[in-house]
A.B. asks: 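Below are the structure tokens for one structure; questions will follow.
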Number of protein chains: 2
Amino acid sequence: MLIAADEMLISRGVRLTPQRLVIAEYLLNTDCHPTAEQVFDAVANALPVQLSKATVYNTLNMLVEAGVIQEVYTEPGGCARYDANTMRHHHFVDTSTGRIYDIPFEQVPTLEKSLDGKYKVKNYTVTFYGDRAEDS
Amino acid sequence: MLIAADEMLISRGVRLTPQRLVIAEYLLNTDCHPTAEQVFDAVANALPVQLSKATVYNTLNMLVEAGVIQEVYTEPGGCARYDANTMRHHHFVDTSTGRIYDIPFEQVPTLEKSLDGKYKVKNYTVTFYGDRAEDS
DNA sequence: GACTGCTTTAGACTAACTCTAAATTTATCC
DNA sequence: GGATAAATTTAGAGTTAGTCTAAAGCAGTC
Ligand SMILES: [Mn+2]
Ligand SMILES: [Mn+2]
Ligand SMILES: [Zn+2]
Ligand SMILES: [Zn+2]
């Protein structure tokens with residue numbers, strides 16, 4: 001069953017528009033970490049009007065601000081990807097397929113405390129690269 | 001004392017040109033992880049000729065290929081930074097100054113083994129964000 | 001129905017590169 | 001040293017992933 005985007009947006013104080021609804025609905029129901037371009041392609045023809053790229057970017061930035069999604073960068077020098085998994089988690093990039101998998105935060109030892117007192121760590125990112133077996 | 005860029009380049013089979021020499025010399029003697037723009041600004045007037053941005057980018061890519069430097073991305077969506085520290089290491093970004101510090105690899109617990117058998121980890125990156133005290 | 005304040009749109013603009021084609025430099029051979 | 005060939009550099013055009021702008025569309029309020 002689909003996660004209800006309308007309730008999610010309303011609960012975060014975001015005004016509903018058809019554009020916002022389809023974009024949020026798409027993101028809330030995929031785990032494929034799409035780019036802005038991929039979001040545009042996926043939702044454009046679910047709308048009766050011509051969708052603008054500016055609206056896609058504006059909406060994605062809005063959803064990030066509202067805490068509905070996260071912006072993630074997994075490829076050095078690559079473009080932003082969008083992720084409705086807002087739990088703190090890590091990423092694994094399958095370097096042969098390009099697919100991105102979520103790695104639960106608890107599955108990896110915590111690193112905050114590994115730096116000495118000189119560094120006050122507020123946040124950190126871990127991205128793994130390699131091959132994932134059983135790629136179904 | 002300065003690290004000798006000419007020997008380093010020759011030993012890697014890179015042809016010497018004045019442009020390559022000043023760029024490599026600059027990078028081998030700083031730990032500030034400069035952007036291409038900053039490299040350009042730092043070396044441009046050490047040369048008797050007009051330096052082209054294309055040469056800076058070409059040379060940086062060359063030095064990466066030759067293993068003399070590393071390209072690192074520490075800010076989400078930000079541009080490439082160049083790093084003559086080619087040891088495997090982590091980065092700490094001071095979010096108030098933007099300065100980037102090297103964190104020795106051994107100072108942080110190894111993460112290769114933390115993922116289950118489904119994932120064959122070939123590489124991973126860890127970037128810390130926060131404040132560094134004693135910022136001299 | 002007018003006023004107000006979002007929201008959306010097309011397209012101009014930007015930053016960080018990459019590519020191209022011509023000019024310059026460097027290396028090789030005599 | 002001079003001819004030739006190959007590599008390098010250069011200015012500027014092109015590209016990609018965005019952001020910004022200004023006008024048009026819509027929604028909620030009086
Ligand atoms: Mn952004
Ligand atoms: Mn590159
Ligand atoms: Zn994710
Ligand atoms: Zn470094």
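Per chain, numbering begins at 1; letters A, B, ... match sequence-line order. Given the structure is predicted, the values throughout are model-derived calculations rather than measurements.
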A.B. asks: Taking CG from D6(B) and C1' from dT26(C), how many angstroms apart are they, rounded to a whole number?
C.D. replies: 17 Å
A.B. asks: Would you mind listing every side chain to side chain donor-acceptor pair (under 3.5 Å) that reaches into residues 104-116 of chain A, with sequence neighbours excluded?
C.D. replies: R88(A)-E112(A)
A.B. asks: What is the distance, rounded to the nearest whole Å, between atom CD of E71(A) and atom C1' of dA17(D)?
C.D. replies: 11 Å
A.B. asks: If the condition is side chain to side chain contact (heavy atoms under 4.5 Å, CB included), which residues does A42(B) pass it with, not counting sequence neighbours?
C.D. replies: Y26(B)
A.B. asks: Remember a base hit wins even if backbone is also touched, and classify A36(A) as base, sugar-phosphate or nothing at under 4.0 Å, heavy atoms.
C.D. replies: nothing
A.B. asks: Of all heavy-atom pairs between D131(A) and S96(A), which one has the smallest distance, and what is that distance?
C.D. replies: OD1-OG, 2.7 Å
A.B. asks: Provide, to the nearest angstrom, the distance between the CG atom belonging to L9(B) and the C1' atom belonging to dT26(C).
C.D. replies: 16 Å
A.B. asks: Describe, in one word, how the ring planes of F105(A) and Y124(A) are oriented to each other, choosing from parallel (under 30°), tilted (30 to 60°) and perpendicular (over 60°).
C.D. replies: tilted
A.B. asks: Nearest-Å distance, CG (N61(A)) to P (dA17(D))?
C.D. replies: 16 Å
A.B. asks: Checking T125(B) now: which residues fulfil side chain to side chain contact (heavy atoms under 4.5 Å, CB included) with it, not counting sequence neighbours?
C.D. replies: T127(A), Y129(A)
A.B. asks: Atom CD of E75(A) and atom P of dT16(D): how far apart are they, to the nearest Å?
C.D. replies: 16 Å
A.B. asks: For N58(A) and G78(A), take the nucleotide of DNA chain D holding the closest heavy atom to each; which residue's nucleotide lies nearer the 5' end?
C.D. replies: G78(A)
A.B. asks: Measuring from L115(B):CG to H90(A):NE2, what's the distance to the nearest 0.5 Å?
C.D. replies: 9.0 Å
A.B. asks: Once ring-ring contact (aromatic ring centres under 6.0 Å, His included) is applied, do any residues pair with H91(B), and if so which ones, sequence neighbours excluded?
C.D. replies: H33(B), H89(B)
A.B. asks: Where along residues 50-57 of chain A does a heavy atom come under 4.0 Å from DNA chain C, residue by residue in number order?
C.D. replies: Q50(A), L51(A), S52(A), A54(A), T55(A)
A.B. asks: Going by heavy atoms closer than 4.0 Å, what residues in residues 11-28 of chain A are next to DNA chain C?
C.D. replies: R15(A), T17(A), Q19(A), R20(A)
A.B. asks: As an exercise, state the distance from CG of L63(A) to CD1 of I69(A), rounded to the nearest 0.5 Å.
C.D. replies: 4.5 Å
